[in-house]
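Read through the structure below, which is laid out as structure tokens, and then see the notes.
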Amino acid sequence: MDRVSTPEPQVETLVDLNAIAHNVRILAEHAGDAAVMVVVKADGYNHGAVEVAKAALAAGARELGVTTVPEAVKLRAAGITAPILCWLNTSDTDYASAVEADIEIAVSSVAHLEAVAAAARQVGKTATVSLKVDTGLNRNGVAPTEYAQVLDLLARLVAEETVRFRAIFSHLAHADLPSSPSIDMQRDRFLEAIATAKQAGLEPELVHLANSAAALTRPDLAFDMVRPGIAVYGLSPVPEISDYGLRPAMTFRARVALVKRVAAGEGVSYGHEWIADRDTTVALIPAGYADGVPRTLGGRFDVWLGGARRPNIGRICMDQFVVDLGENDAGVREGDTAILFGGEPGAPHPQEWADTLGTIHYEVVCSPHGRAVRNHIGGDR
Ligand SMILES: *Cc1c(COP(=O)(O)O)cnc(C)c1O
């Protein structure tokens, strides 16, 4: 463990790489013969892209996916040699650095493809390109109206060996709603896009479509590879159906900064929104909205501390909040660890924050920042 020599941080996200490995194995089982590309965009959903990538590859993942070229180059610089795809590019993206680092580039337009070709010629090396096709998400990906032109240019670039054509892929709009008819509609459009490319003489080495939700609920859409993100981190994309045995990898925790008595009738925190109706003991937790504890959660969440749920009382401040220990304070003392969310039995699950806040757990695990120090345990590192 790399934490031994450093003092315990006040606020910490602790990421369990054994949980990442466990989740990758579950996804690989669902994928059958298809390979697993682990999505580590947004710094591995705020879990640490490099550490997660290494743990996932060691557990059997074949490839990595990110949004931008700099994210991909950073993985290469960390010594990762597995295929890496990046898919949110623009005409002025630094494609030369991607070509030099052997990063697979997804293109969404003729302009993108032209820029990639220019970079390949400049570097003097073949660029690896995949087609992101828009099958109905209407976000990035080649629009149907531009597809023929993109194929035409791609065929020329492949013929002159400026480009190696790797894959066709697309992204689903409603995968988390397995009964949505849009999923089959997107599948049909995807198959059509593949057939059109083949008619243009472009044979992809592989095709892929499924995110976490589709990887777990629609094995028929696994094609050659699945592209899970959130499930790798242990959060079910369809929690109302199942947790699939996934283990949340992130624990958000903080060390109690102070324990004190508060007399009946006293108000706690700004605005005195909570007033003690009895003498009680409270604990001060040194994490606030500057660290990723949303102020709108105030009075609506618990921490796991001293073997029990302890409710937040009063407003969440920039860097601290208070919990009520009540009469059964379990001897909680300064320095004890409070879990804000995590996978431990009894501790709040990120889904609880999501339900209270009216958001999704993806956003919850992306929240910790500021003074929250990220550490990793487990894994083959
Ligand atoms: C984010 C993303 C994924 C992973 O989605 P999850 O819902 O986290 O599994 C897969 N493919 C693309 C193109 C993405 O942008």
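Just follow the structure's listing: the first ligand is 1, and inside any ligand the first atom is 1. Please read these numbers as outputs of a predicted model, since none were measured by experiment.
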Quick one: CD1 on I168 to CD1 on I194, what's the gap to the nearest 0.5 Å?
5.5 Å
Dump all N/O pairs between ligand 1 and the protein below 3.5 Å as a table: atom names plus distance, one pair per row.
unit_1: ligand 1; atom_1: 7 (O); unit_2: Y362; atom_2: OH; d: 2.6
unit_1: ligand 1; atom_1: 8 (O); unit_2: Y45; atom_2: OH; d: 2.6
unit_1: ligand 1; atom_1: 8 (O); unit_2: I230; atom_2: N; d: 2.8
unit_1: ligand 1; atom_1: 9 (O); unit_2: S212; atom_2: N; d: 2.8
unit_1: ligand 1; atom_1: 9 (O); unit_2: S212; atom_2: OG; d: 2.5
unit_1: ligand 1; atom_1: 9 (O); unit_2: G229; atom_2: N; d: 2.9
unit_1: ligand 1; atom_1: 11 (N); unit_2: R227; atom_2: NE; d: 2.9
unit_1: ligand 1; atom_1: 11 (N); unit_2: R227; atom_2: NH2; d: 3.2
unit_1: ligand 1; atom_1: 15 (O); unit_2: K41; atom_2: NZ; d: 2.8
unit_1: ligand 1; atom_1: 15 (O); unit_2: W87; atom_2: NE1; d: 3.4

Do F321 and R315 have side chains that get closer than 4.5 Å, going by heavy atoms?
no
Rounded to the nearest 0.5 Å, the CG atom of N140 sits from the NZ atom of K132 at a distance of 3.5 Å
My understanding is that only residues two or more places apart in sequence, or in another chain, count here; which of them pass ring pair (Phe, Tyr, Trp, His ring centres under 6.0 Å) with H361?
none
Which pairs count as salt bridge (Lys or Arg N to Asp or Glu O under 4.0 Å) when at least one residue sits in residues 227-251, sequence neighbours excluded?
D16-R247
Excluding V373, membership of its hydrophobic cluster (Ile, Leu, Val, Met, Phe, Trp, Tyr; side-chain heavy atoms within less than 4.5 Å) reads none
